[in-house]
Amino acid sequence: MTTMLWAVAIGMTITAVWRFPALRHGDPMQRALWACSAAFAATVWCRVPQVKQALDTSPVTDLSALLKYLTSLVAILAALGYITAVYGEPTRGSDRHVAVSRRISRGAHTFALTAMVALVVLFFTVVDRSHPSTDFADAQAGQWGGALFLTIQYTYLGMAAATCGYQWARAARRAEKRALRIGLALMATAMAIYSIYPILRTAMTWFPPEVSAVTMRTVADSVNMVVACLWAAGAAVPSTMAISARWNAWRVLQKLHPLWSDLMTAFPRLALQRPGARLTESLRCVPSLDVRLDRRTQEIAGGIEHLRHHASSDLLSVAEDLAESHDDPEAAAEAYWIRAAQQSQKSGRRSAVPSRKLREKPLTSVTSEANWLARVAAVPVPAKLVRIMHERAGEPPVDLALQTAGRGQAATPSRADSDRVKGPTGRPVRG
C-alpha cells in the first residue's frame, strides 16, 4: 500500500507540474485542471506514511489530517470550476442545466470558504488531538467535536462530488470529441465513488463499527487512490490522444519521405520547399506537423498526377494484375504503377495524352489520405518487376525535347501539367 501511495503521489505531482504552464497561459478549463491536479497531489501526499508521520509529529498534532481535508475541498472546488469551463460562457440559448451549473459553482465557492474556516476553528478548539492518530476519522468516531468536524467535511465533499459526477456524465454524453467523452466519463466515475464514500464515513463517525484503525486507514487510502487514478486518467485522456495523434503524424511523415523526395526531385515546381535529408526533415519543427502532412500529401498527389504523362495506357491494368497476389493488392498496384511511371520519366519517355487516372478511393480527410500514401510507399518494388510491367504494357514514346536537354535531368512540366489537379480525396493540388 505504501508503494502505491508513493506511486500515485508522484504521478499526480508530475501531472500538476506538466499542467503548470496553464496557470499563466491556459484557458479557464486548463487552469481548473491544474488546480485540481495540484490539490489532489497534495491530498495524496498527506497520506504517504513518511509525510504523514512528519506532519503529525510536528507541533500541530494530526496536521496531516487538517491539510488532507482542506486540500480535498480545494480539489473538489476546482473540479466544479472545470465543469463551468467545459460548458463555456453562457448564451441566451444555453440549456437550463448550464445556468444551474454556474449557479452551483458560485454557491460552492462561498460554501467552501465557510467550510474551510469552520474546519480550522473546530480542529483547534473542540477536536481531541491529544495523541497522533493512525486514522483520524476512526480516532474521532463517537466524539462530538471530531464527528462534527468530519460531518462538515464529508457533507461538502459528497454534495460537490455528486454535482461533479452528474454534470460530467451529462457533458460526456454531449461531447462531440471521443477523447473528451472518454475523459469526462472516467472523471464522472471517480466522482460517483466520492459521492458514496462520504456517506459511509459520516455514518461510521457517529456510529463507530468494530473495525481497527489500520483497516479503516487501508480502506480510506484505497478509495482515495482509485479516485485519484480515475480522475488523473480522465483528465489526461484528451492530452494523451493529442500526443498520440502528433506521434502518428510524425511517423507517417517519415514513411512518406522517400516517395515525396523522389517525386519532388522529378517535379521540383510542385514543391514549396526542396526536399532535405531524412534526418533534417525529421527534426524540422516549422511549420506544424499537421500543416506539413497536409502539404506533403498534396505535393505527392500532384506528383502522381504528373506521372500520368509518363505511363502507358495499359500500365495500370498490368500493375493491378501483378499485385493480385500481394497482401495489400490495392496499395501494391498503385506502388507498382508509380515506380514504373517514374522509371519512364527518368528515361525521358513522355506521352502528350495522360493515361487514365488511378482508381478513386473513399478518403475523406488528410489523415486517411496520408495513411493510404504511407501504405503505398511501404510496398517494395524490385527493378525486375518494373521491367516486366514495361514489357507487358509498353512504354510512352521518347520525349525528344528531354533528350536534347540531356538525359538524367528532371522533367519540366508542361503548361498542361501545371494546371491545378486533384488528389485522392478530391482536394485541389498545387501545380
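Position 1 is the first residue of the sequence; numbering continues from there. Keep in mind that this is a model prediction, so the values were computed, not measured.
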Side chain of [X], backbone of [Y]: donor and acceptor closer than 3.5 Å?
X      : Y      : value
Ser58  : Leu55  : yes
Ser195 : Ala162 : yes
Asp314 : Gly394 : no
His310 : Pro396 : no
Ser344 : Arg349 : no

Can you confirm whether [X] sits close enough to [Y] that some side-chain heavy atom of one is under 4.5 Å from a side-chain heavy atom of the other?
X      : Y      : value
Phe40  : Thr15  : no
Lys384 : Arg387 : yes
His309 : Pro354 : yes
Val8   : Met12  : yes
Tyr156 : Leu77  : yes
Trp34  : Trp18  : no
Val379 : Asp328 : no
Tyr69  : Leu150 : yes

Could you tell me the separation between the [atom1] atom of [X] and the [atom2] atom of [Y], rounded to the nearest 0.5 Å?
X      : Y      : atom1 : atom2 : value
Asn371 : Thr297 : CG    : OG1   : 10.5 Å
Leu307 : Ile338 : CG    : CD1   : 7.0 Å
Glu305 : Ile300 : CD    : CD1   : 14.5 Å
Trp337 : Ser317 : CH2   : OG    : 12.0 Å
Met187 : Leu33  : CE    : CG    : 5.5 Å
Arg296 : Trp260 : CZ    : CH2   : 4.5 Å

Chi angles and distances behind the side chain to side chain contact (heavy atoms under 4.5 Å, CB included) call for Met216, Met204 = CA-CA 10 Å; Met216 291 303 300; Met204 292 177 184; 3.4 Å; yes
Give the intermediate values and the outcome of salt bridge (charged side-chain N to carboxylate O under 4.0 Å, His left out) for residues Asp135 and Arg201.
-> CA-CA 12 Å; Asp135 182 78; Arg201 286 294 267 176; 3.1 Å; yes
Run the side chain to side chain contact (heavy atoms under 4.5 Å, CB included) check on Leu270 and Leu263 step by step: do they pass?
-> CA-CA 9 Å; Leu270 292 176; Leu263 289 173; over 6 Å; no
Acceptor/donor pairs from residues 41-51 side chains to any protein atom, 3.5 angstrom cut, sequence neighbours excluded:
from	atom 1	to	atom 2	distance (Å)
Thr43	OG1	Ala39	O	2.9
Thr43	OG1	Thr71	OG1	2.8
Thr43	OG1	Ser72	N	3.3
Trp45	NE1	Thr13	OG1	2.7
Arg47	NH1	Asp221	OD1	2.8
Gln50	OE1	Trp6	NE1	3.2

If we ignore angles and hydrogens, is there a donor and acceptor under 3.5 Å between the side chains of Arg339 and Gln342?
->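 Side-chain D/A pair, Arg339 to Gln342: present.
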